There are 4 protein chains.
Amino acid sequence: MSRDSFSKGVGVRADAQRNRERILDAAEEVFTHRGTAASTEEVARLAGVAIGTVFRHFPTKDDLLAAILKRLLARLAGDAATLGGADGLHVFFRRLVEQAAAKRTVVDLAGVSVPAAVGQLGEAVGELLRQAQAAGTVRDDVRRPEVMALLVSVCQGALQGGWDVELQERTLAVIFAGLAA
Amino acid sequence: MSRDSFSKGVGVRADAQRNRERILDAAEEVFTHRGTAASTEEVARLAGVAIGTVFRHFPTKDDLLAAILKRLLARLAGDAATLGGADGLHVFFRRLVEQAAAKRTVVDLAGVSVPAAVGQLGEAVGELLRQAQAAGTVRDDVRRPEVMALLVSVCQGALQGGWDVELQERTLAVIFAGLAA
Amino acid sequence: MSRDSFSKGVGVRADAQRNRERILDAAEEVFTHRGTAASTEEVARLAGVAIGTVFRHFPTKDDLLAAILKRLLARLAGDAATLGGADGLHVFFRRLVEQAAAKRTVVDLAGVSVPAAVGQLGEAVGELLRQAQAAGTVRDDVRRPEVMALLVSVCQGALQGGWDVELQERTLAVIFAGLAA
Amino acid sequence: MSRDSFSKGVGVRADAQRNRERILDAAEEVFTHRGTAASTEEVARLAGVAIGTVFRHFPTKDDLLAAILKRLLARLAGDAATLGGADGLHVFFRRLVEQAAAKRTVVDLAGVSVPAAVGQLGEAVGELLRQAQAAGTVRDDVRRPEVMALLVSVCQGALQGGWDVELQERTLAVIFAGLAA
DNA sequence: AATGAATGAGACTTCATTCAT
DNA sequence: AATGAATGAAGTCTCATTCAT
């Protein structure tokens, strides 16, 4: 009956876990493209589960949104951790902006409580900043808060106007110049 | 304040105009603080009119949002027109960010049709940029599109994190450095 | 000032009367083409008066509908009075059906109180029937109520399916055969 | 009445089906007596379900109206199929008129999309006509379209004036005479 | 008598959430 | 643990009717 190699109890949990992921994936896809106003039912449909299942895993729509944001931030922090060196910060910056231009997640998620999650991202960015300053790519008096602020700002901006690649590069160029030693 | 130079037979119109303004003010207040998802009914309540009156003036919620945006942009363009000189652009930039930090309007209004209005703002910013470059405050190869992009970005960013004055200044400092000759 | 040859008081009344007619014409046009669900405001627009004027003349939408119906029936009764002879009834019948196919009035007006007005129409039809029977065109045992019923029925039917001229003729042919001696 | 031959795992469906029928019944009752302008909320009330349930089953008021019409036509076509012989057409005709006199449905439903459903009814009537002509009860040159037209007409007429049984019979008598050989 | 802005009840519809199966 | 039907509050919008000018 249970389709796992372990006991029933564990089997069920595996199922549940699988559903949880599918729901999160679907939710990211849906809210990312249609904004947070999209209906939870559409998420369920895309995830291939019934609406009740969504609410069993995330008792509230806000819980679902928060979970997406948390996962997204964790992913970004992971990305950042793989970078480093003189221009790790720059690469991360650009990468983030590219993502934001394609998705709406970060923006619309504003308002959802973002407890510790941002903390992780902040630390990762701090590390990149430290390395860039050590390499002399970034001025020494630049501090983490404004880097974070610029990061968030440009991401938000990117998904507004319909930036093309050139505009994105010219905009980043100004910021990179401002950060440069 | 101005009572108008006519007075006979235009009485009702004056009332309607007064209501129109009250509705716009209320709408700006409401949507600005709660986002565009706030209800039209709340706008009516704050404006002190019945819901039907709101819809008589703005047949659709989108019409109302568009009207707010239009008025806001006109106001900003007007502001810009009074500035100039070496650091007119910088002043305008900072002023805008301060406003955005207090309001949500600009952000959430994205998606609403923004016909010619943005045109005005773009031109005003272009003029400020020209003057700043003439005065040598801004590098010559900087062009209007990226200035607009940065402007929008930082406004968006400002109303996310809850920037304090210091963070705002440090963030703008990076951008101004990036723009500098 | 008053554009009539009599006293001011009469002048004003003439204006009001003119408005009343314009409103009735507009209402017939509007309700006839869009059904009784059309808005009173549209009637006012077509009549070229303000909505308040419509309600001054007809305190209720139902009053307006009743007035249209009354006028329509009076008109039909007048038409009938000009006919007669062996086939006056047949001509009237056909004429009515043609009208109904183009308008919706009679149908949708069902439900509105139709006090004495139908009386007039009934009498006119009764007279036509009498003459047709005198001429031997219609069977003697046919009575007014069923003629009225058939009249109403075919009018209603005509504005449903989209009858073409041929179908209308074939349908009337059956009824005329049924009435024939 | 019938409990269905399945029973496991289809429980909810049975409930839903039951509700669907209750809503259709309620809707037929309501729209039939008050016209299509009656509110969907009243339908819900009479059906004993919440308003949301009505819209879950019929996403639009028009969908609900169309469903009623479809069911009504199917029922009529079924009735017709059980008849036949020399006076099947006459019986069907009379039966339909009796129904119409009590309900408003057929009339007001005009305008709602009536896809294939009418087709079924048309065929059934065609068959009755053929049999009546074979039996010599109806003239050979009478064709289906005018029979349908008369059918519709008299139904419409019946629910206008408040026909009593006698008037109904006298009216049908004229039509039957017109159809007779 | 006319105007037209304002009113507010009520219509349709959506959607987060609950709960019987 | 999953399903999906049911719920009902809330939102947008329409329109008959009132009333100040």
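Below, chains carry the letters A, B, ... as their sequence lines are ordered, and counting in each starts from 1. Bear in mind that the values here come from a model prediction, so they are computed numbers and not experimental data.
- Ion pairing between C/R22 and C/D25 fails under the 4.0 Å rule for side-chain N and carboxylate O.
- Dashed line: the shortest gap from a side-chain N or O of A/H57 to OP1 or OP2 of F/dA1 is not under 4.0 Å.
- Residues satisfying the salt bridge (Lys or Arg N to Asp or Glu O under 4.0 Å) test with A/E21, not counting sequence neighbours, are A/R71.
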Could you encode protein contacts along nucleotides 12-17 of chain E as a string, one character per nucleotide from 5' to 3', using B for base contact, S for sugar-phosphate-only contact and - for no contact, with a heavy-atom cut-off of under 4.0 Å?
SBB-SB
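- Distances shown here put a side-chain N or O of A/N19 below 4.0 Å from the OP1 or OP2 atom of F/dA2.
- If you take CZ of A/R20 and C1' of F/dA2, they are 17 Å apart, rounded to a whole angstrom.
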Would you list the atom pairs, donor with acceptor, under 3.5 Å between side chains in residues 49-57 of chain D and any protein atom, with sequence neighbours excluded?
none

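- In this structure, CG of B/D15 is placed 7 Å from P of F/dT21, rounded to the nearest angstrom.
- Residue B/T53 places no side-chain N or O under 4.0 Å from the OP1 or OP2 atom of E/dA5.
- As rounded to whole Å, 12 Å separates atom C1' of E/dT7 from atom CD1 of B/I23.
- Atom CZ of B/R18 is separated from atom P of F/dA20 by 15 Å (rounded to the nearest Å).
- One interatomic measurement links the two molecules: CG of B/D63 to P of F/dT12, which rounds to 13 Å at whole-angstrom precision.
- Here the shortest heavy-atom pairing between C/A27 and C/I68 reads CB-CD1, 3.4 Å.
- Taking the side chain to side chain contact (heavy atoms under 4.5 Å, CB included) definition, one finds that A/D63 meets it with A/F58, A/P59, A/T60, sequence neighbours left out.
- Contacts of C/E42 classified as side-chain hydrogen bond (donor to acceptor under 3.5 Å, both in side chains), with partners at least two apart in sequence or in another chain: C/R34.
- Taking atom CZ on B/R34 and atom P on F/dA10, their separation rounds to 14 Å, with Å as the unit.
- If you take CZ of A/R45 and P of F/dG4, they are 12 Å apart, rounded to a whole angstrom.
- Every residue two or more places apart in sequence or in another chain was checked for a side-chain hydrogen bond (donor to acceptor under 3.5 Å, both in side chains) with A/R45, and none qualifies.
- The side chain of C/A16 lies closest to E/dA2 when the candidates are E/dA2, E/dT7, E/dA5.
- Whole-Å rounding puts the B/F31 CZ to F/dG11 P distance at 11 Å.
- When base pairs are accepted only as Watson-Crick or G-U wobble with both N-N or N-O distances under 3.5 Å, DNA chain F takes part in stems of 3 or more pairs at E:2-21 with F:2-21.
- For the side-chain hydrogen bond (donor to acceptor under 3.5 Å, both in side chains) test, no residue two or more places apart in sequence or in another chain qualifies with A/R20.
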